Student: 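One structure follows; several queries about it will come next.
This one's a predicted model, so the numbers in the text were calculated from it and none came from an experiment.
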Amino acid sequence: MSASTPRILAGGQKLKISEVNRHFISAYVTDTRLMGVLAVYAHWHLDTLEESEPGKGNAASDMDNGSASSDPVTWGDLHQFFYIDCEETGLETYYEIRVNDTKKVEEREQAMIGGLGASKIDLSETELRQLMCRYRVFNLQRGLPMPAGLDNYGFLFTPNMTPDPGQQQALMERICTKISSVYQLINYFLMRCFGQDHEGAHFLALDDTVPVDLYDRYVRATFCRNVIDRKPSEHPPGADKRTSARDSACGSPLPQTETREYLCESLVEMDGRYEVIVSRVLVRDRKIAGLEYCSGFPVSTSEAALILRKTEYVNVYELLLSEEELEENIDEFSVGFHATMTCCENGLLFMAYRPNNGHVNRPEFQLNNDVAGVYFLSDGGQLITAAYSVEDAGHLGMTLKKSVLAPYLLPHGKYKFIEPVLFEFIHGDIERFETFLHIFSGEEE
């Protein structure tokens, strides 16, 4: 072997990303632009091999005579994760993994996109750079700080890669889920309007005459619930029931050329204050053709809670595992059950989300209907599950039966509550659920 032939060394965690070669492997973005958020992933190969190809970084070199270096060449992997809030905070979070560890990548992916109900859209390197440049401009225009770690992802902001209007439209087509019904169209449109996301709302509008800024006075508003009704006058005489049944069964297909009129009753929340807003929405050519404010009135917190109330189905199990054994199996919840983990004072909370955002495609939309169920590991040694329909409760039970935890779960109680109580237990300081119920119901234990 010649002395000038480089030796290849695996590793690379200490490589300075801005000064080495970066080879694009793959990237994806979630199709959740119309929900107001995006998660972006990119995978790069890094090395210090000398090369003159532009756009790959500048490898450090000890050469002073133009000949190949005899120093060893180091290589490694870079996995990048970005979280983007399209309404307020823009490019918000950056996380990286510097080793090619599939388990770590899956765990970070689950934590990042587990609650989005997303599909992954593959991106080319050009599309990745255009998307990142687009949201860099978003942050700069609003005076928002960039996430920590800029030295390690700043290379993505290639000069002259900020998308022009045509490229931006092409990107929007890629990162927005396909609209298949009137319900989905209207719910997403009003969600974008109340989020002051003019770009997202305009994407769903027929033309520039639609007032996408109509609800800008509702600052930092959360679109909690929406009920859509088609105006009866639009139905042919004597066919109201048949038309309504057909629309409901097929998700109210998008009209092609006729204009249809809908009334929407929306519950929005702004810093703890609630208001019900009634809107008139016109739909034509698979787009929003008109929006009009009809009326609005405030509601109390208790009234809002009544509107959003759900039946809760709770199952309690004794967990026959030691703390050490539980720690070894904790991944079964986050990765195996496709749930996101949150540490609480009274234990660990795992939220299991639906695999898609089908809850938007309904005449009655409720924001938290994306939750399929809850798993809570209490400090008292219990596993408690909660769901908000009989079907979802059954699904949680079947998931547990098929899991590696099944032999260590002893059924302890089964409950139905006309309104949710589990989160009161989670945020309290009582370790056992049955003790909480005795106190909650005013009984002596």
Student: Could you check whether Y415 and F433 have their ring centres less than 6.0 Å apart?
Tutor: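 They qualify: ring centres under 6.0 Å apart.
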Student: For residues D370 and L367, report the shortest heavy-atom separation together with the two atoms involved.
Tutor: OD1-O, 3.3 Å
Student: Taking atom CZ as the centre, does R225 end up with more than 12 heavy-atom neighbours from other residues, nucleotides or ligands that are less than 6.0 angstrom away?
Tutor: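 Above 12, so yes.
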Student: Step by step, work out the salt bridge (charged side-chain N to carboxylate O under 4.0 Å, His left out) result for E127 and R174.
Tutor: CA-CA 10 Å; E127 290 173 325; R174 296 272 282 145; 3.3 Å; yes
Student: Once rounded to the nearest 0.5 Å, what's the spacing between atom CG of L348 and atom SG of C344?
Tutor: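 Those atoms lie 7.5 Å apart.
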Student: Going through the distances and angles, do C193 and L291 end up as a side chain to side chain contact (heavy atoms under 4.5 Å, CB included)?
Tutor: CA-CA 10 Å; C193 287; L291 174 65; 4.2 Å; yes
Student: Flag the pair E125 and R129 as a salt bridge only when some basic side-chain nitrogen lies within less than 4.0 angstrom of an acidic carboxylate oxygen.
Tutor: yes
Student: Can you tell me which residue pairs pass the ring pair (Phe, Tyr, Trp, His ring centres under 6.0 Å) test with a partner in residues 121-146, sequence neighbours excluded?
Tutor: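 As it turns out, the ring pair (Phe, Tyr, Trp, His ring centres under 6.0 Å) pairs with a partner in residues 121-146, which skip direct neighbours, are Y135-F138.
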Student: Determine whether V227 and C264 make a side-chain contact, defined as any pair of heavy atoms from C-beta on separated by less than 4.5 Å.
Tutor: no
Student: Distance from D47 atom CG to N21 atom CG, nearest 0.5 Å?
Tutor: 4.5 Å
Student: Step by step, work out the side chain to side chain contact (heavy atoms under 4.5 Å, CB included) result for Y317 and L410.
Tutor: CA-CA 5 Å; Y317 304 85; L410 180 64; over 6 Å; no
Student: When you look at T385 and Y313, which way does the side-chain hydrogen bond (donor to acceptor under 3.5 Å, both in side chains) test go after all the steps?
Tutor: CA-CA 8 Å; T385 67; Y313 300 86; over 6 Å; no
Student: Between D208 and H202, does the side-chain hydrogen bond (donor to acceptor under 3.5 Å, both in side chains) criterion hold? Intermediate values first, please.
Tutor: CA-CA 7 Å; D208 292 338; H202 187 267; 2.4 Å; yes
Student: Give the minimum heavy-atom separation between A387 and A372, together with the two atoms involved.
Tutor: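 Heavy atoms of A387 and A372 come nearest at CB-O, 4.1 Å.
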Student: Name the residue from V29, T93, L156 that meets the side chain to side chain contact (heavy atoms under 4.5 Å, CB included) definition with F82.
Tutor: L156
Student: Does the side chain of N369 reach to within under 4.5 Å of the side chain of R362, using non-hydrogen atoms?
Tutor: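 Yes, close enough: below the 4.5 Å cut-off.
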Student: So, using side chain to side chain donor-acceptor pair (under 3.5 Å) as the criterion, who are the partners of D122 when residues are at least two apart?
Tutor: none
Student: Which residue pairs satisfy the salt bridge (charged side-chain N to carboxylate O under 4.0 Å, His left out) criterion with at least one member in residues 380-401, sequence neighbours excluded?
Tutor: R354-D392
Student: Output yes when a side-chain donor or acceptor of E327 lies under 3.5 Å from a complementary backbone atom of E324, and no otherwise.
Tutor: no
Student: I need the full list of salt bridge (charged side-chain N to carboxylate O under 4.0 Å, His left out) pairs touching residues 335-350, with sequence neighbours left out, sorted by first then second residue.
Tutor: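 Checked against salt bridge (charged side-chain N to carboxylate O under 4.0 Å, His left out) - neighbours excluded - no pair reaches residues 335-350.
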Student: Would you call the rings of H43 and H79 parallel, tilted or perpendicular, where under 30° means parallel and over 60° means perpendicular?
Tutor: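 Geometry flag for H79 against H43: parallel rings.
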Student: Using side chain to side chain donor-acceptor pair (under 3.5 Å) as the criterion, list what pairs up with E199, not counting sequence neighbours.
Tutor: R33, R134, Q168
Student: I need the M112 CE to Y95 OH distance, nearest 0.5 Å.
Tutor: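 Interatomic distance, M112 CE to Y95 OH, rounded to 0.5 Å: 9.5 Å.
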Student: Side-chain donor-acceptor pair under 3.5 Å between Q169 and E173, yes or no?
Tutor: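 Yes, because at least one side-chain N or O of Q169 sits under 3.5 Å from a partner of the opposite role on E173.
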Student: Kindly indicate whether the side chain of D216, heavy atoms from C-beta on, has any atom under 4.5 Å from the side chain of H198.
Tutor: yes
Student: For K120, is there an ion pair with E109 - N to carboxylate O distance below 4.0 angstrom?
Tutor: yes
Student: Within this structure, what is the OH-OG distance for the pair Y215 and S279, rounded to the nearest 0.5 Å?
Tutor: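 Y215 atom OH to S279 atom OG measures 2.5 Å (nearest 0.5 Å).
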Student: Go through the steps to decide whether F417 and T311 satisfy the test side chain to side chain contact (heavy atoms under 4.5 Å, CB included), and finish with yes or no.
Tutor: CA-CA 6 Å; F417 302 101; T311 301; over 6 Å; no
Student: Is the shortest heavy-atom distance from the side chain of E87 to the side chain of Q196 under 4.5 Å?
Tutor: no
Student: Rounded to the nearest 0.5 Å, what separation is found between the CG atom of L171 and the CG atom of L128?
Tutor: 10.0 Å
Student: In chain order, what residues pass the salt bridge (Lys or Arg N to Asp or Glu O under 4.0 Å) check against E312, with sequence neighbours excluded?
Tutor: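 If we apply the salt bridge (Lys or Arg N to Asp or Glu O under 4.0 Å) test to E312, skipping adjacent residues, there are no hits.
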Student: Under the criterion ring pair (Phe, Tyr, Trp, His ring centres under 6.0 Å), which of Y388, Y183, F365 is the partner of H359?
Tutor: F365
Student: A quick test of your reading: do over 12 heavy atoms of other residues, nucleotides or ligands sit less than 6.0 Å from OH of Y408?
Tutor: no
Student: Atom CG of residue position D429 - does it have more than 12 heavy atoms of other residues, nucleotides or ligands inside 6.0 Å?
Tutor: no
Student: Would you say the side-chain atoms of S181 and Q184 include a donor-acceptor pair closer than 3.5 Å?
Tutor: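 The answer is no; no qualifying pair exists.
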Student: Take E96 and I17 through the side chain to side chain contact (heavy atoms under 4.5 Å, CB included) test and state the conclusion after the steps.
Tutor: CA-CA 11 Å; E96 67 182 38; I17 295 173; 4.1 Å; yes
Student: Decide, yes or no, whether a salt bridge links D271 with R220 under the criterion of side-chain N to carboxylate O below 4.0 Å.
Tutor: yes
Student: I want to know whether H23 and W44 have ring centres closer than 6.0 Å.
Tutor: no
Student: With a 4.0 Å cut-off, would you call R142 and E88 a salt bridge?
Tutor: no
Student: Answer whether the closest heavy-atom distance between the side chains of Q382 and L319 falls below 4.5 Å.
Tutor: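 In short, these two side chains do not touch, never coming nearer than 4.5 Å.
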Student: Look up atom CD1 in I97 and atom CG in D77, then write down how far apart they are to the nearest 0.5 Å.
Tutor: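 Reported to 0.5 Å precision, the distance equals 11.0 Å.
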Student: Would N346 and S378 satisfy side-chain hydrogen bond (donor to acceptor under 3.5 Å, both in side chains), going step by step from the backbone distance to the final call?
Tutor: CA-CA 6 Å; N346 196 25; S378 78; 6.0 Å; no
Student: Evaluate the criterion side-chain hydrogen bond (donor to acceptor under 3.5 Å, both in side chains) for residue pair S18 and D151; output intermediate values, then yes/no.
Tutor: CA-CA 7 Å; S18 60; D151 286 348; over 6 Å; no
Student: Is the shortest heavy-atom distance from the side chain of L116 to the side chain of M35 under 4.5 Å?
Tutor: no
Student: Hey, does M351 have a side-chain heavy atom less than 4.5 Å from the side chain of L349?
Tutor: yes
Student: For V360, does its backbone N or O pair with a side-chain atom of N357 as donor and acceptor, under 3.5 Å?
Tutor: no
Student: If you take all heavy atoms of A386 and L422, which pair is closest and at what distance?
Tutor: CB-CD2, 3.5 Å
Student: Tell me whether the rings of F425 and F376 are parallel (<30°), tilted (30 to 60°) or perpendicular (>60°).
Tutor: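 Rings of F425 and F376: perpendicular, as their planes differ by over 60°.
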Student: Is there a side-chain contact between I179 and L204 in this structure, where contact means two heavy atoms from C-beta onward sitting under 4.5 Å apart?
Tutor: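 In short, these two side chains touch, coming nearer than 4.5 Å.
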Student: Would R432 and E318 pass as an ion pair if we require N to O under 4.0 Å?
Tutor: yes
Student: State whether the number of non-hydrogen atoms from other residues, nucleotides or ligands found under 6.0 Å of H45 atom NE2 is greater than 12.
Tutor: yes
